[in-house]
Amino acid sequence: MRRYDSCDQSPPLILLVEDRQSNAALLQDALPPHGYRLDVARDGNEAMAYMYEMRPALILMDIQLPGMSGIEVIQRLRADPQLRHIPIIALTALVLPGDRERCLAAGADVYLAKPVSLHMLLERIAAQLVRM
Ligand code: MN
């Protein structure tokens, strides 16, 4: 898990939960120039530990993860009074019928199918942060 200093202020902190290094690297390059800090968790357990400690402004959640699925992580977050308000954007490569509904029913605020254009992602992130 890569962390920024918690005393570092200003740019909104985003947690990306993503098991594929290449996907994570793409966003680690792409988001900071647009004014966001990005940390990466590789699986659900790492993500939960991170969220209790760091309280990110928003979560980008891959759904296909080793161990606990993204859906399960979303359900856990939504069941936790301390974490339930954090916006979640679900990302999935595996688009099955009902996928979108499952993500939204679990508590995701937005559902995007991969590959996601950077433009679209930035737009959705900004909209969720304004909503808070
Ligand atoms: Mn994955």
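If you're wondering where the values come from, they're calculated on a predicted model, not measured in any experiment. Every heavy atom of this structure was used, including side-chain atoms; hydrogens, water molecules and symmetry mates were not. Numbering of ligands and ligand atoms starts at 1, following listing order.
If you look at Asp19 and ask which of its N, O or S atoms sits nearest the Mn ion (ligand 1), the answer is OD1.
Geometry at the Mn ion (ligand 1): O/Gln64 and OD2/Asp62 form an angle of 80°, nearest 10 degrees.
Residue contact annotation: Glu18 places no N/O/S atom under 2.8 Å from the Mn ion (ligand 1).
Contact between Ile74 and Ala90 at its shortest, heavy atoms only, is CD1-CB, 4.4 Å. Shown here for Val73 and Gly44, the closest heavy-atom pair between the two residues is CG2-CA, 3.6 Å. Ala30 approaches Pro33 most closely through the heavy-atom pair O-CD, 3.3 Å.
Checking Lys114, Gln64, Arg102, Arg100 one by one against Thr92, the side-chain hydrogen bond (donor to acceptor under 3.5 Å, both in side chains) holds for a single residue, Gln64.
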